[in-house]
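None of these values were measured; they are calculated from a predicted model. One is the number of the first residue; the rest follow in order along the sequence.
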Amino acid sequence: MTEFDAVFVPHTAFTDVLRDIEDIFSVHGQLREAPNVFVTGPAGAGKTTMIELFLASHPRIENGRRVSALGGDAVCDDVPLLVSEMPSQPTVNSLARQLLKDLGHPFWNKGDRDALKASLVGFARDCGVKGVAIDEAQRAVDRDGEVRSEDIAEFLKELQGLLNVSFFLFGMGRVRGLFDHDDQVDRRWEEELVIPPYQWGADDADPEPRSRLDFIAVLVSMREQSPLPFADEIDVEMNDCAKQFYYASRGVIGLLKKLLLAAMRIAARDGDSVISSDLLHRAFERAFRKEKRHERLINPWGQEWMGQAPPKLRDHSMPIRRKKPKRSKVTKAERRSETTAALSKR
């Protein structure tokens with residue numbers, strides 16, 4: 001399980017976006033106004049993994065910078081890429097404190113908004129920050145599409161103007177709501193970069209869709225890196241077999257890995273020596289209980305599955321339309337009584 005959990009397949013939908021953000025990061029200091037982007041995708045698309053790889057290319061160097069300070073010189077970490085996470089209850093102050101804490105400021109939780117902003121700008125300059133990546137950025141936007149705190153978008157604009165570094169926001173699609181309400185804020189952000197799920201396309205498509213072939217290539221790579229061999233019956237290079245994996249994952253690599261990790265756990269418990277259809281059937285039942293209940297997924301290794309396409313993924317980029325509460329019925333007598341009472345108060 002541990003061995004397979006470390007497996008990473010650099011698939012095309014992922015590497016294209018990673019290359020784009022690296023290109024943006026590389027122009028630091030060359031433009032009057034640094035570009036900013038937000039990266040979106042469904043859960044399991046690889047956003048957090050992308051941040052980890054992005055950070056690995058630009059690591060923190062402990063005590064890597066010498067700066068002038070009151071009373072003489074001082075040292076601080078060299079932090080070309082500051083990585084943080086949007087607080088669960090985001091406000092300007094909570095975000096500023098989180099950024100200061102991740103930067104390594106000793107007094108990250110002290111001061112009001114202005115003091116926090118001044119500390120953040122000064123310390124970020126001392127640490128040589130060139131880019132800021134914020135994960136779970138959709139927390140700043142409610143599921144109904146309402147921006148929790150419009151100040152956050154304004155605060156990010158202020159920081160970007162003072163530091164002239166690129167900001168990279170990672171999250172569900174609804175994060176775009178941070179910018180839609182203000183043209184001045186929106187102008188500072190490049191096009192949204194999407195890590196899309198793979199698409200299967202029509203079964204009889206000729207030639208086969210490139211996205212399907214790429215998904216099968218990922219499957220083949222995972223099979224080759226799996227510490228548990230695939231049974232002969234699981235030939236992922238054949239469309240009928242590959243489509244079972246596509247149905248289960250709906251083209252999201254994180255969900256594909258979730259399925260196979262569940263298979264590894266069950267195999268370790270039950271003593272299975274290969275990944276078979278029976279093992280995959282049990283793994284699907286364990287890994288996707290919630291999806292079966294809420295999204296009407298059926299087990300593609302069960303008798304109910306007839307080769308059909310999977311239901312669409314829940315679109316976390318769209319506001320949730322909440323049903324209006326039904327008004328209780330009021331009888332004519334009750335309405336007349338209410339009206340009489342209201343008139344008598346005049």
Side-chain angles (χ1 to χ4, degrees), residues 1-15 18 41-53 56 195-200 203 208-293 295 297-311 313:
M1 286 165 46
T2 303
E3 183 179 344
F4 188 74
D5 191 38
V7 168
F8 171 70
V9 179
H11 53 98
T12 53
F14 180 96
T15 53
L18 182 57
K47 299 182 293 294
T48 300
T49 300
M50 183 174 292
I51 293 174
E52 292 170 354
L53 292 175
I195 310 175
Y198 286 99
Q199 300 299 318
W200 187 263
D203 284 325
E208 289 186 75
R210 180 70 201 181
S211 185
R212 183 197 305 175
L213 296 174
D214 287 340
F215 177 78
I216 293 174
V218 172
L219 265 177
V220 171
S221 181
M222 286 193 171
R223 178 191 65 186
E224 291 174 350
Q225 297 183 68
S226 172
L228 199 63
F230 283 38
D232 291 341
E233 68 193 55
I234 309 297
D235 186 354
V236 297
E237 296 181 52
M238 300 299 293
N239 278 2
D240 289 346
C241 179
K243 192 175 183 182
Q244 291 174 293
F245 288 92
Y246 178 81
Y247 181 96
S249 67
R250 285 172 283 179
V252 177
I253 301 306
L255 296 181
L256 175 61
K257 197 168 183 180
K258 178 182 178 181
L259 170 73
L260 292 172
L261 278 170
M264 304 283 174
R265 289 198 300 273
I266 295 171
R269 182 195 67 192
D270 296 349
D272 294 69
S273 58
V274 296
I275 294 179
S276 62
S277 295
D278 178 64
L279 177 58
L280 289 167
H281 183 279
R282 285 177 280 153
F284 181 89
E285 292 295 316
R286 169 172 288 193
F288 297 105
R289 289 172 183 162
K290 183 172 63 176
E291 289 80 359
K292 284 185 64 181
R293 186 167 63 251
E295 301 177 41
L297 275 185
I298 59 177
N299 195 319
W301 289 276
Q303 294 182 351
E304 295 180 28
W305 190 66
M306 305 300 292
Q308 64 267 42
L313 284 164

Over all atoms of both residues, closest heavy-atom pair of [X] and [Y]:
X: L53; Y: F14; answer: CD1-CE2, 3.7 Å
X: P300; Y: Q244; answer: O-NE2, 2.9 Å
X: I234; Y: S277; answer: CD1-OG, 3.4 Å
X: Y198; Y: A13; answer: OH-N, 3.4 Å
X: P197; Y: L313; answer: CG-CD1, 3.8 Å
X: F4; Y: S226; answer: CD1-CA, 4.0 Å

Open item on the list: Salt bridge check, E291 against R250: does any charged N sit closer than 4.0 Å to a carboxylate O?
Closed with: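 No, R250 and E291 are not salt-bridged.
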
[X] side, atom [atom1]; [Y] side, atom [atom2] - distance, nearest 0.5 Å:
X: M50; Y: I195; atom1: CE; atom2: CD1; result: 3.5 Å
X: N239; Y: I216; atom1: CG; atom2: CD1; result: 4.5 Å
X: Q303; Y: I298; atom1: CD; atom2: CD1; result: 11.5 Å
X: R223; Y: E237; atom1: CZ; atom2: CD; result: 4.5 Å
X: L261; Y: I266; atom1: CG; atom2: CD1; result: 11.0 Å
X: N299; Y: E285; atom1: CG; atom2: CD; result: 4.5 Å

Has the side chain of [X] got a donor or acceptor atom that lies under 3.5 Å from a matching backbone atom of [Y]?
X: E233; Y: A231; result: no
X: S249; Y: L256; result: no
X: K243; Y: M238; result: no

TODO: Could you list the residues that satisfy ring-ring contact (aromatic ring centres under 6.0 Å, His included) with F288, not counting sequence neighbours?
DONE: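 Partners of F288 by the ring-ring contact (aromatic ring centres under 6.0 Å, His included) criterion, ordered by chain and then number, come out as F284.
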
Task: ring-ring contact (aromatic ring centres under 6.0 Å, His included) partners of F245, counting only residues at least two apart - done: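 If we apply the ring-ring contact (aromatic ring centres under 6.0 Å, His included) test to F245, skipping adjacent residues, the hits are W301.
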
Task: All side chain to side chain contact (heavy atoms under 4.5 Å, CB included) counterparts of R210, not counting sequence neighbours - done: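 With neighbours one apart ignored, the set is D214.
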
Tabulate below the donor-acceptor pairs under 3.5 Å that side-chain atoms of residues 269-276 make, not counting sequence neighbours, or state none.
| residue | atom | partner | partner atom | Å |
| --- | --- | --- | --- | --- |
| D270 | OD2 | R282 | NH1 | 2.9 |
| D272 | OD2 | R282 | NH2 | 2.8 |
| S276 | OG | L279 | N | 3.2 |

Task: ring pair (Phe, Tyr, Trp, His ring centres under 6.0 Å) contacts touching residues 255-279 (sequence neighbours left out) - done: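 Passing the test, one end in residues 255-279: no pairs.
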
TODO: Can you run down the ring pair (Phe, Tyr, Trp, His ring centres under 6.0 Å) pairs that involve residues 211-238, sequence neighbours left out, and say none if there aren't any?
DONE: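 Pairs touching residues 211-238 that pass the test: F215-Y246.
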
- [ ] In sequence, state the C-alpha distance, the side-chain angles, and the governing distance for M222 and I253, and then conclude on side chain to side chain contact (heavy atoms under 4.5 Å, CB included).
- [x] CA-CA 10 Å; M222 286 193 171; I253 301 306; 3.8 Å; yes

